[in-house]
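So that the names make sense, note that chain A is the first sequence line, chain B the second, and so on, each numbered from 1.
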There are 2 protein chains.
Amino acid sequence: MKILKGHHGNCCCGKIRGFGRRITPARHAVLDTLSTRGEHLTAEDVFKASSRRYPNIGLATVYRTLELFTKLGMVSKLDTGDDKARYEFADGPHAKGHHHHLVCTSCRRIVDYTDFIKEEMDLLRKTEEGLSKKYGFKINSHVMQFYGLCRDCAR
Amino acid sequence: MKILKGHHGNCCCGKIRGFGRRITPARHAVLDTLSTRGEHLTAEDVFKASSRRYPNIGLATVYRTLELFTKLGMVSKLDTGDDKARYEFADGPHAKGHHHHLVCTSCRRIVDYTDFIKEEMDLLRKTEEGLSKKYGFKINSHVMQFYGLCRDCAR
DNA sequence: AACATAATTGAGAACCATTCTCAATTATAT
DNA sequence: ATATAATTGAGAATGGTTCTCAATTATGTT
Ligand SMILES: [Zn+2]
Ligand SMILES: [Zn+2]
Ligand SMILES: [Zn+2]
Ligand SMILES: [Zn+2]
């Protein structure tokens, strides 16, 4: 497979190379998928969509790639309570910006919301600082998520 | 097994009966375990501890019981990112009060904190209301959790 | 107390998302 | 072009959780 240099901007390739990791067709395919298909994709979703561009890609590679991207901070992995991890671009050129999630426990619909995000982030920052000081933790991430029933599922 | 009536207060038995479910030795054993052993127990933890009081209990029953108690709102199930659900008494007579969690991603230590809980609950309430109105969700629960490295794991 | 009935149970099999293994392939620096 | 280590695909393995089903038991009724 031909690798289109610069297709995703230099940010991603640079970031990958910066960690001594290689640019490969499989990684490009996953990158493509994450930027063109919607958000909150399961590994299976990513596998299927990436297979279209790069038919030989294996599911294990998709998992490894998503894990790598998550470790590099390019992707965020989220748990919505149904035993399947979901992935989306983290903040960055392809991302929507920082948001939190509202999840329907019946149909699994996921709403990205940014309402209140300012207050939430302020409180999170303040809390992180306080907890960090009091309990001696080096805090790396947080989860803030709401669960309920969407309009369709509620009636 | 002898069932000690009232041992756990009438609240739990009443709640269980109120839903047309039966009081059984297995359920009592799980209730005992949850109230005497610490918090954040895995199903396996609950199984082992409950087996001491009631040797014939089966793992599947523990899962079913924890699921039931969670549905009845007596227990809360939490995910701390290691593919094993944890369980603890929810708010109510046996609970310490509502709290959030700080999780060490290395040693899996879990700190219950109540610092900032007032501000957090205020914001959560406000956010729930706003999201509920804007997106038409009937919100039932939330997760607010911090991940990081504890002092021992950080060095 | 004995009965009827549906709920509950234990044991093990099944499930399924994810991780592991390993030989073959390939990106990258020289 | 060559050497090297990283990466890969395929399938097996893992492990927490759920399912199946015949046997047992809690509970209300007689
Ligand atoms: Zn829904
Ligand atoms: Zn999102
Ligand atoms: Zn730790
Ligand atoms: Zn807790």
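Of the residues in residues 73-88 of chain A, those lying under 4.0 Å from DNA chain C by heavy-atom distance are A/Asp83, A/Lys84, A/Ala85. Using a 4.0 Å cut-off on heavy atoms, the residues of residues 59-69 of chain B that approach DNA chain C are B/Ala60, B/Thr61, B/Arg64, listed by number.
Here A/Lys48 pairs with nothing under the salt bridge (charged side-chain N to carboxylate O under 4.0 Å, His left out) rule; sequence neighbours left out.
Checking the phosphate oxygens (OP1, OP2) of C/dT9, a side-chain nitrogen or oxygen of B/Thr24 falls inside 4.0 Å. Under 4.0 angstrom from either OP1 or OP2 of D/dA6 there lies no side-chain N or O belonging to A/Arg21. Neither OP1 nor OP2 of D/dA26 sits under 4.0 Å from any side-chain N or O of B/Arg17.
A heavy-atom distance below 4.5 Å is found between the side chains of A/Leu124 and B/Met144.
In this structure, A/Glu129 places its CD atom where only 12 or fewer heavy-atom neighbours from other residues, nucleotides or ligands lie under 6.0 Å away. No more than 12 heavy atoms of other residues, nucleotides or ligands shown are found within 6.0 angstrom of CZ on B/Arg37.
No option in B/His100, B/Glu120, B/Arg125 other than B/His100 meets the side-chain hydrogen bond (donor to acceptor under 3.5 Å, both in side chains) test with B/His142.
Between B/Phe146 and B/Tyr113, the ring planes lie tilted relative to each other; the angle falls in the 30° to 60° range.
Heavy-atom nearest nucleotides on DNA chain D were determined for B/Arg22 and for B/Thr42, and the one closer to the 5' end corresponds to B/Thr42.
In the hydrophobic clustering of this structure, A/Leu123 does not group with A/Phe137; members are Ile, Leu, Val, Met, Phe, Trp, Tyr whose side-chain heavy atoms approach within less than 4.5 Å, directly or through other members.
Atom CD1 in A/Ile16 sits about 16 Å away from atom P in D/dA6, given to the nearest Å.
A pairwise comparison of heavy atoms in A/Arg22 and A/Arg27 identifies O-NH1, 2.7 Å as the closest pair.
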